[in-house]
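Okay, structure first, notes after.
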Protein chains: 2
Amino acid sequence: MEKKTITIYDVAREAAVSMATVSRVVNGNPNVKPATRKKVLEVIERLDYRPNAVARGLASKKTTTVGVIIPDVTDIYFSSLARGIDDVATMYKYNIILANSDSNSQKEIQVLNTLLAKQVDGIIYMGNKISDELRAQFEHSKTPVILAGSVDPKEELGSVHIDYVAAVEEAVSDLINHGNKRVAFISGPMDEAINSEYRLKGYKNVLAKKKIEYDPELVFETDYSYRAGEILWPAIVSAGATAAFVGDDELAAGVLNGAQDAGAGVPENFEVVTSNNSKITEIVRPKLSSITQPLYDIGAVSMRFLTKLMNKEEVTEKSVELPYGFIKRASTK
Amino acid sequence: MEKKTITIYDVAREAAVSMATVSRVVNGNPNVKPATRKKVLEVIERLDYRPNAVARGLASKKTTTVGVIIPDVTDIYFSSLARGIDDVATMYKYNIILANSDSNSQKEIQVLNTLLAKQVDGIIYMGNKISDELRAQFEHSKTPVILAGSVDPKEELGSVHIDYVAAVEEAVSDLINHGNKRVAFISGPMDEAINSEYRLKGYKNVLAKKKIEYDPELVFETDYSYRAGEILWPAIVSAGATAAFVGDDELAAGVLNGAQDAGAGVPENFEVVTSNNSKITEIVRPKLSSITQPLYDIGAVSMRFLTKLMNKEEVTEKSVELPYGFIKRASTK
DNA sequence: TATGCGTCATGAAACGCTTGCAAAAATTTA
DNA sequence: TAAATTTTTGCAAGCGTTTCATGACGCATA
């Protein structure tokens with residue numbers, strides 16, 4: 001007793017109108033006489049008819065689905081963006097296909113292809129490194145793409161982000177103003193533009209302004225994990241740093257705890273400032289001073305931006321910059 | 001110069017075979033002469049043909065997409081599950097439509113409907129409270145559903161989880177064995193079965209076994225936030241508790257910091273044990289002792305389970321129970 | 001030589017909906 | 001009241017695949 005799925009055709013028959021009319025009422029097309037609309041709606045209700053989105057997608061060439069490429073949902077930075085994306089997507093009647101890439105360019109390409117095969121109407125890419133091949137594929141496809149929470153150094157792709165350079169300048173200035181002459185710069189991989197071209201630049205800018213010589217010894221390139229930060233302390237000590245700017249919160253929590261577990265007093269002997277103001281910054285002790293980024297909003301704006309592109313609306317700017325902030329907590333003087 | 005999308009028909013023409021044949025080679029159907037297959041493959045390569053998954057979905061009634069209903073991606077507990085789900089989904093060539101519900105039953109129903117409209121092949125539900133209406137819809141649809149990281153008290157839906165009762169028993173026993181006579185039970189909303197029917201039961205079981213009378217004063221029902229835990233300290237003190245079992249990590253971190261900020265020594269004066277062993281447990285000081293749940297695996301197994309249902313394979317058990325553990329850290333003696 | 005069988009390929013009907021075009025109906029204008 | 005408009009409807013051609021009932025072909029068997 002397989003219950004047959006009921007289609008637009010069944011509704012049309014029962015309501016004694018054509019499929020076209022049913023389609024119109026389902027889609028809210030105004031060209032339907034109110035009486036007819038009412039009649040159709042009743043039948044829809046009675047039969048419990050639900051339009052099949054796949055058939056719709058095939059006929060209209062729109063799936064109301066967008067693909068989201070994310071390095072790792074488990075990372076609070078990205079999941080915050082994702083949350084903003086999903087909320088706005090829902091608002092505009094879109095759904096999200098979420099795919100983890102582990103920041104691995106092979107996976108990214110793989111994932112992009114399946115997203116395109118599924119005919120997503122748009123794509124939001126999160127990640128800090130766009131391989132040439134990926135870039136080529138983005139450009140080759142006519143599906144709109146937005147970068148959320150990162151910036152395209154080549155300025156070809158639309159993106160939503162903060163002014164990383166200025167934010168780092170502010171954070172590092174603060175540290176130097178407290179009398180720190182040797183401030184460590186601790187970041188993730190330098191092959192990510194955000195680290196090598198933006199954050200590091202902000203760091204250098206401040207040094208230049210303060211007439212402090214840049215010392216490569218103070219630059220630590222590592223990965224984004226808590227553990228990586230935790231074991232960095234000996235190296236920080238031997239480089240003679242008395243403060244550190246860190247490009248990631250988990251990493252910063254590691255640095256902070258590594259220092260304290262080794263007996264260093266924070267902030268008396270060592271100051272730390274981090275970059276993303278995620279929950280972690282308030283859970284550790286002392287709480288971490290941090291650059292603040294409106295992560296949820298970045299996601300939300302990205303999605304909103306994407307809806308415009310999908311509707312082929314005119315957009316004036318290729319990328320939008322959201323305001324950042326800085327919150328002083330107990331990890332700095 | 002809109003470049004026309006190339007279809008299976010174009011490939012068929014170029015390769016001088018029928019669409020049916022092209023379809024077979026694309027789908028790896030063995031009934032194709034090697035020479036023909038090769039010829040078709042070459043044309044596919046040359047034209048850069050990509051099958052349209054939407055058309056496929058319509059024709060085959062399979063979308064290779066599963067819907068995932070998640071309370072909040074931003075919550076590490078759920079995002080860990082989601083990660084496990086996605087990895088296994090990818091392994092089996094499925095994609096994930098991720099939808100946040102905020103544990104709001106209206107949204108859940110809303111989301112479920114759009115997932116079904118999109119013809120997902122299966123659904124994974126995360127959340128601790130299944131409203132009657134949602135349950136009705138699950139049962140009404142013929143799309144398979146699995147609960148990940150929670151258990152159905154009515155035992156109607158398939159699920160993957162740990163033995164919550166036993167896990168809590170172990171954690172609370174440990175606390176009592178350290179000499180604590182008054183152990184607080186701090187959990188999220190009691191209208192969630194996991195709290196009221198499983199965790200609390202484990203707590204009571206232990207009390208009974210240890211011949212300690214159950215005191216409702218020691219039961220704290222709150223929400224899952226860090227802040228909620230942080231402000232709970234005065235109440236804990238006045239209830240005379242010297243230790244606490246907490247049902248959520250962020251909440252536990254709040255309790256821990258609330259106690260310490262008020263000058264209580266942990267674990268000397270107050271012990272805390274939590275439930276999910278997320279990253280947070282190692283970031284706070286002292287580190288939190290915790291029940292350990294294989295979150296990633298729960299997600300992974302859920303998805304694997306779902307693939308079986310989607311393939312209509314025989315499954316012996318309605319629900320699978322994964323092993324939990326207990327890790328002792330510095331927040332308990 | 002007639003028959004049967006397995007392999008490989010074809011044709012065409014679904015799948016459930018949207019949409020451009022034209023016809024029909026309702027309304028307005030003269 | 002007829003003509004001119006405007007509003008509502010219906011028709012039917014897609015959208016790009018899958019899949020099933022058939023057929024063609026080659027080869028072994030009786």
Side-chain angles (χ1 to χ4, degrees), chain A residues 2-41 43-44 47-65 93 114 116-121 142, chain B residues 2-41 43-44 47-65 93 114 116-121 142:
Chain A
E2 277 293 318
K3 54 188 157 197
K4 183 175 157 299
T5 71
I6 74 129
T7 74
I8 197 173
Y9 181 76
D10 300 313
V11 176
R13 181 166 31 69
E14 288 289 311
V17 297
S18 72
M19 289 163 53
T21 300
V22 177
S23 173
R24 278 188 210 103
V25 353
V26 167
N27 292 299
N29 182 314
N31 295 356
V32 181
K33 186 161 53 170
T36 310
R37 179 186 306 281
K38 180 149 173 291
K39 181 174 60 175
V40 172
L41 250 16
V43 175
I44 286 179
L47 302 189
D48 190 29
Y49 164 71
R50 327 279 190 91
N52 177 323
V54 173
R56 265 222 263 229
L58 183 58
S60 67
K61 291 171 168 294
K62 295 205 176 102
T63 53
T64 60
T65 302
K93 312 286 185 207
T114 88
L116 293 177
K118 295 221 165 161
Q119 314 295 119
V120 295
D121 297 336
K142 52 178 169 291
Chain B
E2 277 293 319
K3 55 188 156 194
K4 184 175 158 296
T5 71
I6 73 130
T7 75
I8 197 174
Y9 181 76
D10 300 313
V11 176
R13 181 166 30 70
E14 288 289 310
V17 298
S18 72
M19 288 163 54
T21 300
V22 177
S23 175
R24 261 184 244 108
V25 353
V26 168
N27 292 299
N29 183 312
N31 295 356
V32 182
K33 187 161 51 171
T36 310
R37 179 186 306 281
K38 181 150 174 290
K39 181 174 59 176
V40 172
L41 250 16
V43 175
I44 287 178
L47 302 188
D48 190 28
Y49 163 72
R50 324 281 190 91
N52 178 323
V54 174
R56 263 222 262 236
L58 182 59
S60 67
K61 293 174 168 292
K62 297 209 174 97
T63 53
T64 60
T65 302
K93 312 285 185 208
T114 87
L116 292 177
K118 295 221 166 161
Q119 315 294 118
V120 294
D121 297 334
K142 52 177 166 291

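Below, chains carry the letters A, B, ... as their sequence lines are ordered, and counting in each starts from 1. Basis for what follows: all heavy atoms, side chains included, without hydrogens, waters or symmetry-related copies.
- Rounded to whole Å, atom C1' of C:dC17 lies 15 Å from atom NZ of B:K118.
- The side chain of A:S23 places an N or O atom within less than 4.0 Å of a non-bridging phosphate oxygen (OP1 or OP2) of C:dT18.
- Using modelled atom types, one side-chain atom of B:K118 and one backbone atom of A:T64 make a donor-acceptor pair closer than 3.5 Å.
- At D:dC15, none of the side-chain N or O atoms of B:T7 fall inside 4.0 Å of OP1 or OP2 (strictly under the cut-off).
- Scanning atom types as modelled, no donor and acceptor separated by under 3.5 angstrom connect the side chain of A:R37 and the base of D:dT8.
- In the set D:dG10, C:dC8, C:dC17, C:dC17 carries the atom at the smallest distance from any side-chain atom of A:I8.
- Heavy atoms of B:R50 sit under 4.0 angstrom from primed sugar atoms or phosphate atoms, though from no base atom.
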Practice task
Please test B:R37 against B:N29 for side chain to side chain donor-acceptor pair (under 3.5 Å), starting from the C-alpha separation and ending with a verdict.
Solution key: CA-CA 10 Å; B:R37 179 186 306 281; B:N29 183 312; over 6 Å; no

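- For the pair B:N29 CG and D:dT17 C1', the interatomic distance rounds to 14 Å; values are reported in whole Å.
- A straight line from CZ of B:R13 to P of C:dG11 spans 14 Å, rounded to a whole angstrom.
- Of the side-chain N and O atoms in B:S60, none sit less than 4.0 angstrom from OP1 or OP2 of D:dT18.
- As a whole-Å value, the separation of A:Y9 OH from C:dG16 C1' is 13 Å.
- Phosphate proximity of C:dA9 to B:T21: absent, as no side-chain N or O sits under 4.0 Å from OP1 or OP2.
- To the nearest 0.5 angstrom, A:L58 atom CG is 5.5 Å from B:L58 atom CG.
- In this structure, A:R24 places its CZ atom 11 Å from C1' of D:dC11, rounding to the nearest Å.
- Place B:T36 and B:A59 on DNA chain C by their nearest nucleotides, and B:T36 ends up nearer the 5' end.
- Contact check for A:T7 versus A:N52: no side-chain heavy atoms found under the 4.5 Å cut-off.
- Taken to the nearest 0.5 Å, the NZ atom of A:K33 stands 13.5 Å off from the NZ atom of A:K38.
- For A:Y49, the listed nucleotide lying nearest its side chain is C:dC17; candidates were C:dA9, C:dC17, C:dT10.
- Counting non-hydrogen atoms under 4.0 angstrom, B:V17 reaches the backbone sugars and phosphates but no base.
- Between the C1' atom of D:dT18 and the CG atom of B:N27 lies a distance of 8 Å, rounded to the nearest Å.
- Here D:dT8 presents its C1' atom at 11 Å from NZ of A:K39, a figure rounded to the nearest Å.
- Between the CZ atom in B:R50 and the CD1 atom in B:I8 there is a gap of 15.5 Å [rounded to 0.5 Å].
- Considering only side-chain atoms of B:M19, the nucleotide from C:dG16, D:dT17, C:dG20 that sits closest is D:dT17.
- The side chain of A:N52 has C:dG16 as its nearest neighbour among D:dT17, C:dA9, C:dG16.
- Heavy atoms of A:N31 sit under 4.0 angstrom from at least one base atom.
- Side-chain proximity of B:R56 to C:dC8, D:dG16, D:dT17: nearest is D:dT17.
- Checking the phosphate oxygens (OP1, OP2) of D:dG16, a side-chain nitrogen or oxygen of A:K61 falls inside 4.0 Å.
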